[in-house]
Number of protein chains: 2
Amino acid sequence: MRASDRAYAALRDDIIEWRLLPGTVLAEVEQSERLGISRTPLREALSRLTAEGLTTTAGSRGVVVTDISLEDIDELFELRETLEGKAAALAAERGDPATFEQLRTELLQAPELINGGGPGLHAYYELAGRLDAAIDAAISNSYLAQAMRSLRVHLVRVRRLAADDAQRLTAAAAEHAAIAEAIAAGNPRLAEAATTVHLHRSLSHVKVTHTPH
Amino acid sequence: MRASDRAYAALRDDIIEWRLLPGTVLAEVEQSERLGISRTPLREALSRLTAEGLTTTAGSRGVVVTDISLEDIDELFELRETLEGKAAALAAERGDPATFEQLRTELLQAPELINGGGPGLHAYYELAGRLDAAIDAAISNSYLAQAMRSLRVHLVRVRRLAADDAQRLTAAAAEHAAIAEAIAAGNPRLAEAATTVHLHRSLSHVKVTHTPH
DNA sequence: ACAAGGGTCTATGTATACAAACTTGAAGTA
DNA sequence: TACTTCAAGTTTGTATACATAGACCCTTGT
């Protein structure tokens, strides 16, 4: 694996997990020494992070970790609703019903996973990820998929602010199941509506439980 | 201006204007010599282009100019309709009516510009750009604005494939005026509908007149 | 004649040295 | 005392030398 890839992955993780807080200046020599590489691959990693929006080049003071304020979260979810709503609708039109019917069945059994503790929780996150991937594949629109991917980075970062309790996860699983059901039924408008509902509930949960940094 | 900025701008222009055709391999030494810079800033330029999707790193064959097929154009417009439709609706909710009323007035006089020849044509493109910028500003959502900006690069590239005759431009100006009018009237659904109509007509025009490379 | 292996060559990936620009601090003057 | 200017130091931007890996071709053996 390339050194720049390792640096990118390490910094991305540090930012998403809030170990590198917003406003932190990522000086090139400092970070390259910390990660044990030279400045060249580090600079490539930084430019990738900046392209994703996780960092910005603040004039000539180097690159700094971007902030996510409460207004940012609203904007983020506004775009997310637009993109994922459209994606769910397209998946309902173009996706394979059997795939989503299977996902729905699994999602209905998710509460057992969520209440089952550590490994079950991991299995649930994996299941939710499979639904996202299935939608991505079903829409067959690489530009839309790319736009959603670039959003997800920021969303993961926001999610780390919220406390995901078992109660919310159980409700989220039911909402996911409703989305999968609508897609399996080939009903675009219902799929979009179910997605809108899910995202609004997610946003409310984040805003209520978010812990300021 | 930094050497990497110049390299980025030059390569971006070459790709958008189809001087560098899809599939062209951008070898580092070759391009750095052509642009009169060293490999380091060139690599940064290439990584920026790749982040935008204008190039891709094809395994170990270096970076190549990405292709835009007819299916890609459909996908591109599908995403564009989603984003710009939402943007027009938000602008209708949040924008300043006077700004868009003014733009509408100017757009209604656009046919004179279009039929006025070279400088008038340029003035029209500038006017259309002002409408885009006004919508960008009105939505007050940096994530959505960023998503639209990253789309526009590809759209400019596609537009270069089509022959923009005076007849199409006149029709487009009327469609733009309709969008501005709906936003000025504070009618989100009408603004979104007008945008949908405009984009579908644009897409049809591109598909009919596009010249294969 | 065809396939397999090795070697060379050319490409990208990395490190480092150098240049330039900006920031910061201190000193001097109004 | 406050503002301006100059200088030093630290930072990023660039060039280049070196490492490494992949591709292509030639040779050799079956």
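Everything numeric in this text was worked out from a predicted model, so none of it was measured. Just so it is clear: chains get the letters A, B, ... in the order the sequence lines come, proteins before strands, and each one is counted from 1. Side-chain atoms are counted along with the backbone in the values below, which use heavy atoms only and exclude waters and symmetry mates.
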>> Tell me every residue that passes side chain to side chain donor-acceptor pair (under 3.5 Å) with A:Thr55, counting only those two or more places apart in sequence or in another chain.
In response: A:Thr50
> On DNA chain C, which is the earliest and which the latest nucleotide, 5' to 3', with an atom closer than 4.0 Å to a heavy atom of chain A?
Replying inline: C:dG13 to C:dT23
> Who pairs with A:Glu52 by side chain to side chain donor-acceptor pair (under 3.5 Å), at least two apart in sequence or on another chain?
Replying inline: A:Tyr8
>> Does A:Arg94 have more than 12 heavy atoms from other residues, nucleotides or ligands lying within 6.0 Å of its CZ?
In response: yes
> Is the side chain of B:Trp18 donor-acceptor paired with the backbone N or O of B:Arg157 at a distance under 3.5 Å, no angle test?
Replying inline: yes
> With the sugar-phosphate defined as primed atoms, P, OP1 and OP2, and the base as all remaining atoms, what B/S/- string results for nucleotides 7-14 of chain D, 5' to 3', for protein heavy atoms under 4.0 Å?
Replying inline: -----BBB
> By side chain to side chain donor-acceptor pair (under 3.5 Å), which residues pair with A:Asp96, not counting sequence neighbours?
Replying inline: A:Thr99
>> With a 6.0 Å cut-off (strictly less than), is the heavy-atom count around CZ of A:Arg61, excluding the residue itself, greater than 12?
In response: no
>> A:Tyr143: which residues meet the ring-ring contact (aromatic ring centres under 6.0 Å, His included) condition with it, sequence neighbours left out?
In response: B:His154
